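Chain identifiers are assigned alphabetically (A, B, ...) following the order of the sequence lines, protein sequences preceding nucleic acid strands; residue numbering begins at 1 within each chain. Quick caveat: nothing in here was measured; it's all calculated off a predicted structure.
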There are 2 protein chains.
Amino acid sequence: MSSRSEPRRSTSGSTRGPHGDHRDRCVAVVPLFAGLSPAERHEVARSAHQRTLPRLTVLYPQGSDDPPLTIVHRGRVKLVRISPAGHEQMLRVLGPGDVVGETAFLTSSPADHVATTLEETEVCELHRSDARRLLERFPSVSNRLLVELARRLESTERHLSRLTSQDTRQRIVAHLLEVADGRTEFRLPTTKRDLASLVGTTPETLSRQLAALQDRGWIRLGPRGAVKLVDAAALAEL
Amino acid sequence: MSSRSEPRRSTSGSTRGPHGDHRDRCVAVVPLFAGLSPAERHEVARSAHQRTLPRLTVLYPQGSDDPPLTIVHRGRVKLVRISPAGHEQMLRVLGPGDVVGETAFLTSSPADHVATTLEETEVCELHRSDARRLLERFPSVSNRLLVELARRLESTERHLSRLTSQDTRQRIVAHLLEVADGRTEFRLPTTKRDLASLVGTTPETLSRQLAALQDRGWIRLGPRGAVKLVDAAALAEL
DNA sequence: CGACTCGTTGAGCAAGGTCAAAGTACGTGG
DNA sequence: CCACGTACTTTGACCTTGCTCAACGAGTCG
């Protein structure tokens, strides 16, 4: 969930703490491990693998049996599910502090999605057995993960309800307001193609709806996916 | 998740163990507490409230701030979300052993759905503070809940993907096969009206699609929501 | 027996998906 | 730095799916 309100600390990489392994950084930033002491975090960091990946790299493919528990440290990652018929459905975009891959190791099922970087990205990976050990040893991590899963479940159910109870325009507007998160100007995190699949429509329909919203003066579209909300109140009414 | 494979023990109510409080039964049956010793279960049972509810009773309304953690012991409960516009969307049906209300106390948000009994039902309720204490005290409960949430998240995401990548007929068939769970004859757990909202369509469309499936000889519909799968293999092909 | 809710069937219509083509932004390599 | 190729985006025209409105039949509870 990128929309969480905790601040995203900038990655001023060179500071090294008392236990100064470079992997510590990765663990220190993450809310999931916020309840641990520095020494405990260091212990976690020992079994974590850090990777820096270029733009548009696949972290792991859909169907891989043993996807690691992955924590995004810097950059953005998109999660996409590909249906048997070949339809691409975007699930969500991860930002710094977000976690993916918990369900796979908790239920021992293979990854049901592809994870791809949208820009240069740094991640921390924990393999299944290490992650399991972690949860047993540190109840605070387990509890935070519980809360995280509950939040995500709520958000996914909300998403699902929208899909059946609102029409395309309403879903698009709801999504814009969610991404805006109070701001009046912002940039879409993905291509419009992906945005369309996220809200459950086609690029063509999305394009037409956005144009219509602009014609009526509710929004203003700029280059590079820039969006300006002219009348957020009116949008919220729909 | 009613489709889990753990057996549903019948409620032969009169056996009372060494700690024979009648509330023990309620706790003993539930997978969530399977990792606890009898003494520990007894402790849990002390803070649990048992209720027996007639058919079509509301457990708690949508929007209530402090819905209890509820465990179904006997009977069936349907979860429905009502959109601001008044649209009813059915989320899922709970059977014995299923839990609801964890997200509300984990995220401290109000209930986003109504829970209603479909038949006479016995439930166990734990209030927010008691449930919190429980998770702190018994890591095994916390871990089981974690797995339960992960399963549900997977299932909800699968449901969501279907909604965008499959047409109405495919969703209906997928749902029938899921409810069938290997059997060739079974009874629908809810009214067709609710089933329609669950798969994201209207009763009219559902009715037509089922009739079409019957015409082509894939299924046979009986009274009282009875369904017989004549050619499950062919159905799975769609 | 009557009122009510549920389920089915019919006819019409509109939202939005599909196909096609032209325009535009962006990263790459020379 | 510019030119090119690829992928993304937009617009147009068309057509299908499935929703809506309406009426009727059937089962159920009082």
Side-chain angles (χ1 to χ4, degrees), chain A residues 54-57 78 80 83 85-90 116-120 162-173 175 187-215 219-227 238, chain B residues 54-57 78 80 83 85-90 116 118-120 162-173 175-176 187-215 219-227 238:
Chain A
R55 183 180 138 77
L56 296 180
T57 311
K78 73 168 179 177
V80 175
S83 77
H87 238 79
E88 282 201 8
Q89 155 90 18
M90 184 161 112
T116 312
T117 58
L118 290 172
E119 48 192 76
E120 183 175 287
R162 270 191 199 144
L163 224 39
T164 63
S165 70
Q166 304 187 154
D167 66 15
T168 310
R169 181 176 56 187
Q170 292 173 314
R171 295 199 309 267
I172 291 170
V173 168
H175 216 88
R187 196 166 289 286
L188 295 172
T190 63
T191 64
K192 292 187 184 167
R193 171 186 292 284
D194 281 340
L195 176 60
S197 111
L198 188 58
V199 300
T201 186
T202 58
E204 293 94 325
T205 300
L206 173 65
S207 180
R208 283 186 248 269
Q209 296 286 3
L210 287 178
L213 290 173
Q214 187 169 224
D215 286 352
I219 66 173
R220 184 102 251 158
L221 298 169
R224 288 291 250 152
V227 180
L238 305 177
Chain B
R55 182 179 139 77
L56 297 181
T57 311
K78 75 169 177 178
V80 175
S83 79
H87 234 80
E88 282 202 8
Q89 155 90 17
M90 184 161 110
T116 312
L118 290 171
E119 50 191 76
E120 182 175 286
R162 270 191 200 144
L163 224 38
T164 62
S165 70
Q166 305 186 155
D167 66 15
T168 310
R169 179 175 57 187
Q170 291 172 316
R171 294 200 309 267
I172 291 170
V173 167
H175 216 87
L176 289 181
R187 194 167 291 285
L188 296 172
T190 63
T191 63
K192 291 189 183 167
R193 172 185 293 282
D194 282 339
L195 176 61
S197 111
L198 188 58
V199 301
T201 187
T202 58
E204 294 94 324
T205 301
L206 174 65
S207 179
R208 284 185 247 269
Q209 294 287 1
L210 287 177
L213 290 172
Q214 187 170 225
D215 286 350
I219 66 173
R220 184 102 250 157
L221 298 170
R224 289 289 252 157
V227 180
L238 305 177

Scan nucleotides 9-24 of chain D nucleotide by nucleotide, 5' to 3', and note B when protein non-hydrogen atoms come under 4.0 Å of the base, S if they reach only the sugar-phosphate, - if neither.
BSBBB----SBBB---

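Rounded to whole Å, the distance from CZ on B:R224 to C1' on C:dT5 is 14 Å. In this structure, CG of B:L56 is placed 10 Å from P of C:dC6, rounded to the nearest angstrom. Per the geometry, CE belonging to B:M90 stands 15 Å off C1' belonging to C:dC6, to the nearest Å. Going from atom CD of A:E120 over to atom C1' of C:dG27 covers 16 Å, rounded to whole Å.
A pairwise comparison of heavy atoms in B:R162 and B:R171 identifies O-CD, 3.6 Å as the closest pair. The shortest heavy-atom contact between B:L118 and B:R55 is O-NH1, 3.3 Å. Shown here for A:L163 and A:V199, the closest heavy-atom pair between the two residues is CD1-O, 3.7 Å.
No donor-acceptor contact under 3.5 angstrom links the side chains of A:S165 and B:Q89, judged on distance only.
The bend of the helix from C:dC1-D:dG30 to C:dG30-D:dC1, defined by the angle between the axes of its first five and last five pairs, stands at 50° to the nearest 10°.
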Going through the checks in order, is the side chain to side chain contact (heavy atoms under 4.5 Å, CB included) test met by A:V173 and A:L213?
CA-CA 9 Å; A:V173 168; A:L213 290 173; 4.0 Å; yes

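For the pairing with A:K78, the side-chain hydrogen bond (donor to acceptor under 3.5 Å, both in side chains) check across A:T191, A:T117, A:D194 returns one residue only, A:D194.
Checking side-chain atoms of A:R187 against main-chain N and O of A:R224 turns up a donor-acceptor pair under 3.5 Å.
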